Amino acid sequence: MDFLERISDTIWEIPVSYKEGMRVPARIYGSQQLIREMDAGVFDQVTNVATLPGITKYALCMPDGHFGYGFPIGGVAAMDIENGGVISPGGIGFDINCGMRLVVTNLTYKEVKPHIKQLVDNLYKQIPAGVGSKGFVDISRNEFRRVVEQGAQWCVRNDYGWEEDLELIEENGCFAGADASKISDRAIDRGANQIGTLGSGNHYLEVQVAKKEHIFDPEIAETFGITMPDQVVIMFHCGSRGFGHQVATDYLQTFLKVMDSKYGIKILDRELACAPFNSPEGQAYFAAMKCGINMSFANRQVILHRIREVFARVFGRSARDLGMNMVYDVAHNTAKLEQHKVDGKERSLLVHRKGSTRAFGPHMTDVPKQYQAVGQPVIIGGSMETGSYLLAGVETGAETFFSTAHGSGRTMSRTKARKTWRGEQLQKDMAAKGIYVRSTSWSGLAEEAGAAYKNIDDVIAATELAGLCKRVVRLTPIGNIKG
DNA sequence: ATGTGC
């Protein structure tokens, strides 16, 4: 690790001399301990990313970084599209617009506790989860093409949600410029019956409590809708399912064919397959990826609709009466065209965030009007046993193109986790801790054991110390559905 | 992450 230069307590740099072809230095965020425990693969991958055409300022990795496909998960790479910058599916992730949504209620822990089993059992029954699960939204292939072009806006038009939900979603729930003609039939086939499904792996839905001692910034918390101690909220994490996966697969193949032969781009790892952003292939993938982003917004919108229905039934009051308003919906697997100041000059950059959350500060364009004064809500999910955070974007985030962490980050492989824990026992241990969990698979549950992840409090402390975001509320789980 | 894979 002697190749790491300490820039501050939470910033570590690998210089361009480290590897041939690096165009910019790599910077990894985290405390000394988090850096010490990071996969060695992260350093190799982030320095590979530093060789890509158009990369601007730094190849970055957040404190929850771990080994991924081509790019590290936790990676941020901003490409200068006016100077040959590329777009790379590996910098976005297979699960396009994997993201988080947070919804409040006006219920307290005391009111929910007696019903938690009934509540979680009903959520589990009503929200399809697990590999290969099918949704309940029955639409034609052509209608699905409209869903991926219109995102959550399609859902609200079709009575899956409230009009005011839309302004509390990144891009207002519809990434403009999505073009279904750039999507393969295979992707359409895989996605058409997956709207409103949670998925598997680390995708989950959680009922959480904002304990009094965990409300760090009461004013911002109130702006976000968390107004009382022990308030119950719902957080969930899912993405674009088989649809996004197929889009990524399709375009990785396309890029591998043209990258060198047509554009003369040489890369260190096939998994970094890319194309110039300003090329027919790059533009086609950008328009297709936007469909993946919209599928995911629609997916989370329909899931929210079901959550509201279940709460209304269990508590015998309407979702409106229960104050089930959205805080925000954030993506953490995307590439977006943004304006950023680099060395004093405004530049148009394609910012890849893979396992990294956008964290725009106060007064920035695209932050919802009701949050303009305090910054964008940042939702970071921990492991199912430990806890999660609601944070806010800050001005000093400019250093990372206003990006921060997205979760805890694994420290143990899924294989090793399955050998270390039994899902059945874990469920009992979690019950003893006050968390009622339901899962579609015991081995899947074991894979998500809290101890297989970095400590979420350490990760969050590093992001705050580095000036990437600000803690608002820590949220404690009381019920969980694991996909 | 993923109808889990050349």
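Not measured: the values here are computed from a predicted model. Note on naming: letters A, B, ... go to the chains in the order of the sequence lines (proteins, then strands), and numbering restarts at 1 for each one.
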task: With sequence neighbours left out, write down each residue that passes salt bridge (charged side-chain N to carboxylate O under 4.0 Å, His left out) with Asp260(A), or none if nothing qualifies.
output: Lys266(A)

message: Applying salt bridge (charged side-chain N to carboxylate O under 4.0 Å, His left out), can you list everything that pairs with Lys134(A), at least two apart in sequence or on another chain?
response: none

Roughly how many Å is it from [atom1] in [X] to [atom2] in [N], rounded to a whole number?
| X | N | atom1 | atom2 | result |
| --- | --- | --- | --- | --- |
| Arg418(A) | dT4(B) | CZ | P | 14 Å |
| Glu271(A) | dT2(B) | CD | P | 18 Å |
| Tyr69(A) | dT4(B) | OH | C1' | 14 Å |

field: All pairs passing ring pair (Phe, Tyr, Trp, His ring centres under 6.0 Å) where residues 35-57 of chain A contributes a residue, at least two apart
entry: Phe3(A)-Phe43(A)

- prompt: Across the strands shown, which category fits Glu447(A) at heavy-atom distances under 4.0 angstrom: base, sugar-phosphate, nothing?
  reply: nothing

query: With a 3.5 Å cut-off and no angle check, do the side chains of Tyr389(A) and Glu464(A) form a donor-acceptor pair?
result: no

query: Between residues 237-261 of chain A and DNA chain B, which residues have a heavy-atom gap below 4.0 Å?
result: Arg241(A), Gly242(A), His245(A)

statement: Applying side-chain contact (heavy atoms from CB on, under 4.5 Å) to Asp121(A) and not counting sequence neighbours gives Lys117(A), Tyr436(A), Arg438(A)

message: According to ring-ring contact (aromatic ring centres under 6.0 Å, His included), who are the partners of Tyr124(A), at least two apart in sequence or on a separate chain?
response: none

